[in-house]
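What you are looking at is a predicted structure, and each value in this text was computed from that prediction instead of being measured. Starting from 1, each residue takes its place in the sequence as its number. Atoms considered below: every heavy atom in the structure, side chains included; atoms not considered: hydrogens, waters and symmetry mates.
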Amino acid sequence: MTRPSPWFISILLLPGIGLIVVFIGAVIYIAIAQSVGFYNLTGDSGFSMEFWEKLIGRKSYWTAVRYSLFIGFWAAVLSVAVAYPLALWLRKPFKGSLTVSAILKAPLMIHGIVAAFLFLNIISYNGLVNQLLVWTGLFDEPHRLQNDSGAVGLLFLQVWKNMPFALLLLTGAVQSIPQDTLNAAQDLGAGTIERFRRIIAPLTVSAMQAALIIVFIDALADFTFQTTVGPTNRQSLSQYMEFFRGRGRWNEAAGVGVTLMALSLIGAVLMALAARLIFRERPIARVVAWYETRRVEART
């Protein structure tokens with residue numbers, strides 16, 4: 001059988017991938033060009049770094065950058081941290097495991113704005129959480145829990161929404177680990193944490209990287225959750241971009257958009273590299289040899 005030419009394969013893929021590349025490339029090009037003065041909707045177009053100078057000189061811009069990175073980083077880390085034990089729990093089928101798995105993945109089917117308003121109703125001044133805390137005696141009276149300044153509610157909602165996607169990626173990776181490998185490590189004296197650190201995490205690091213990257217980018221650029229349950233004293237980059245767009249300052253809005261794209265790319269690369277460095281993939285033979293050495297040392 002003759003192997004198809006790479007050019008022939010490229011031509012077949014062109015209608016799908018080509019359109020995606022063209023459309024995404026056009027958006028990126030226009031955003032970058034508009035941030036440096038071109039495609040000006042309210043004045044003369046021409047190359048100028050004036051809009052970037054104004055943007056970089058604002059303290060509010062850097063505050064939005066730090067805040068968005070904070071939300072994106074912790075949403076990704078916490079989502080993966082919660083998804084891992086659940087993936088390990090569901091690794092072996094048990095009675096009711098399909099039902100549990102379906103319930104855990106249910107947030108994927110709920111639209112973000114619906115989830116945000118449901119969360120607001122639960123934590124509102126007269127919501128379920130306040131009533132429960134007053135009934136138990138922990139609160140003397142209802143407290144304001146929504147739009148907290150520490151963004152705790154926002155992070156909770158981000159994890160609730162993004163964890164099922166991380167779980168979807170990690171479940172398949174965890175299930176692909178041979179049970180004999182885990183049994184051998186346990187027989188050689190490896191505890192639960194050691195098995196995770198030395199075997200499970202290195203063998204599923206690719207799925208971990210994918211989950212971290214996707215959740216990070218999604219949370220970094222989130223607008224819906226931030227405007228409904230996020231702090232009222234801080235703006236994310238998406239809110240900052242909408243602030244400029246709503247006032248017709250399209251060039252500065254484009255600058256914020258370029259910042260979001262750059263941070264998404266740089267942050268995703270750094271998180272993927274960090275995961276790879278922390279949980280370096282080790283050949284199974286080296287892992288078993290390491291445990292065998294530990295066992296011999298313990299006996300002596």
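In this structure the side chain of Tyr39 never reaches within 4.5 angstrom of the side chain of Asn251, judged on heavy atoms. At least one side-chain heavy atom of Ser149 sits less than 4.5 Å from a side-chain heavy atom of Asn233. Counting heavy atoms from C-beta on, the side chains of Phe51 and Phe244 never come closer than 4.5 Å. Two residues are said to be in side-chain contact when any heavy atoms from C-beta on lie closer than 4.5 Å; Leu168 and Lys105 meet this criterion. Using a 4.5 Å cut-off on side-chain heavy atoms (C-beta onward), Leu237 and Leu263 make contact. Side-chain contact between Met271 and Val77 is present, with heavy atoms from C-beta onward closer than 4.5 Å. Gln131 places none of its side-chain heavy atoms less than 4.5 Å from the side chain of Pro142. Between Gln235 and Tyr67, the closest side-chain pair of non-hydrogen atoms is not below 4.5 Å.
The two residues Phe216 and Phe73 make their nearest non-hydrogen contact at CD1-N, 3.7 Å. Residues Leu212 and Ala275 approach most closely at CD1-CB, 4.0 Å, considering heavy atoms. When all heavy atoms of Val159 and Ala75 are compared, the pair lying nearest together is CG2-O, 4.3 Å. Residue Ala31 comes nearest to Met261 through the heavy atom pair CB-CE, 3.8 Å, listed as atom of the first residue, atom of the second, then distance. Pairing each heavy atom of Ala253 with each of Arg245, the nearest pair is CB-N, 3.9 Å. Between Gln209 and Ala272 the shortest heavy-atom distance is NE2-O, 2.7 Å.
A side-chain donor-acceptor contact under 3.5 Å links Asn147 to the backbone of Gly230. With hydrogens and angles ignored, the 3.5 Å screen pairs a side-chain donor or acceptor of Asn130 with a backbone N or O of Tyr125. Asp148 places no side-chain N or O within donor-acceptor distance of the main-chain N or O of Pro231, the cut-off being under 3.5 Å. Under a 3.5 Å cut-off, the side chain of Arg234 and the backbone N or O of Ala64 do not form any donor-acceptor pair. In terms of modelled atom types and a separation under 3.5 Å, the side chain of Arg91 and the main chain of Val174 share a donor-acceptor contact. A donor-acceptor pair under 3.5 Å links the side-chain atoms of Asp222 to the main chain of Gln226, judged by distance alone. A distance-only check finds a donor-acceptor pair linking the side chain of Arg247 to the backbone of Phe243 [under 3.5 Å]. Proximity of a side-chain donor or acceptor of Ser35 to a complementary backbone N or O of Ile32 within less than 3.5 Å is detected. Between the side chain of Trp62 and the backbone N or O of Ile56 there is at least one donor-acceptor pair closer than 3.5 Å. With hydrogens and angles ignored, the 3.5 Å screen pairs a side-chain donor or acceptor of Thr204 with a backbone N or O of Ile200.
For the residue pair Gln158 / Asn162, a side-chain donor-acceptor distance below 3.5 Å is found, with atom types taken as modelled.
Under the 4.5 Å side-chain heavy-atom criterion for ILVMFWY residues, a single connected hydrophobic cluster contains both Leu220 and Phe225. Linking ILVMFWY side-chain heavy atoms closer than 4.5 Å, directly or via other members, places Leu138 and Val152 in two distinct hydrophobic clusters. Taking hydrophobic clusters as Ile, Leu, Val, Met, Phe, Trp and Tyr residues chained together by side-chain heavy-atom distances below 4.5 Å, Leu118 shares a cluster with Val129. Put simply, Leu78 and Ile213 are part of the same group of oily side chains (I, L, V, M, F, W, Y) that touch within less than 4.5 Å, one to the next. With hydrophobic clusters built from ILVMFWY side chains whose heavy atoms lie under 4.5 angstrom apart, Phe223 does not share a cluster with Met241.
Distance check, rounded to the nearest 0.5 Å: CD1 of Ile110 to NZ of Lys161 gives 6.5 Å. Rounding to the nearest 0.5 Å places CH2 of Trp74 at 14.5 Å from CG of Leu154. A distance of 11.5 Å separates OG of Ser79 from CG of Leu169, quoted to the nearest 0.5 Å. The distance from the OG atom of Ser68 to the CG atom of Leu260 is 6.5 Å, given to the nearest 0.5 Å. To the nearest 0.5 angstrom, Ser236 atom OG is 11.5 Å from Leu69 atom CG. Taking CZ of Arg198 as the reference point, atom CD1 of Ile193 lies at 13.0 Å (rounded to 0.5 Å).
Heavy-atom contacts from other residues, nucleotides or ligands closer than 6.0 Å to CG of Leu98 number 12 or fewer. For Asp140, the CG atom is loosely surrounded, since the number of other residues' heavy atoms within 6.0 Å does not exceed 12. Atom CZ of Phe156 is surrounded by 12 or fewer heavy atoms from other residues, nucleotides or ligands within 6.0 Å. Crowding of Phe139 atom CZ: a count of heavy atoms from other residues, nucleotides or ligands under 6.0 Å exceeding 12. More than 12 heavy-atom neighbours from other residues, nucleotides or ligands sit within 6.0 angstrom of CG on Leu19. Sparse packing is recorded around CZ of Phe165, with 12 or fewer heavy atoms of other residues, nucleotides or ligands lying under 6.0 Å away.
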Can you check side chain to side chain contact (heavy atoms under 4.5 Å, CB included) on Val229 and Gln146, steps first, answer last? CA-CA 6 Å; Val229 304; Gln146 63 189 67; over 6 Å; no
Do Val80 and Leu170 pass the side chain to side chain contact (heavy atoms under 4.5 Å, CB included) test, and can you show the C-alpha distance, the side-chain angles, and the key distance before you say yes or no? CA-CA 8 Å; Val80 171; Leu170 292 172; 4.3 Å; yes
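Remark: Arg58 engages Glu252 in a salt bridge, criterion side-chain N to carboxylate O under 4.0 Å.
In this structure, Trp160 has its ring center no closer than 6.0 Å to that of Phe119.
Taking the six-membered ring where the residue is Trp, Phe38 and Phe47 present tilted rings, their angle falling between 30° and 60°.
Screening Thr259, Val65, Leu55, Thr63 for a side-chain contact (heavy atoms from CB on, under 4.5 Å) involving Tyr240 leaves a single residue, Leu55. Considering Ile113, Leu157, Val114 in turn, Ile113 is the only one that fulfils the side-chain contact (heavy atoms from CB on, under 4.5 Å) rule with Thr224.
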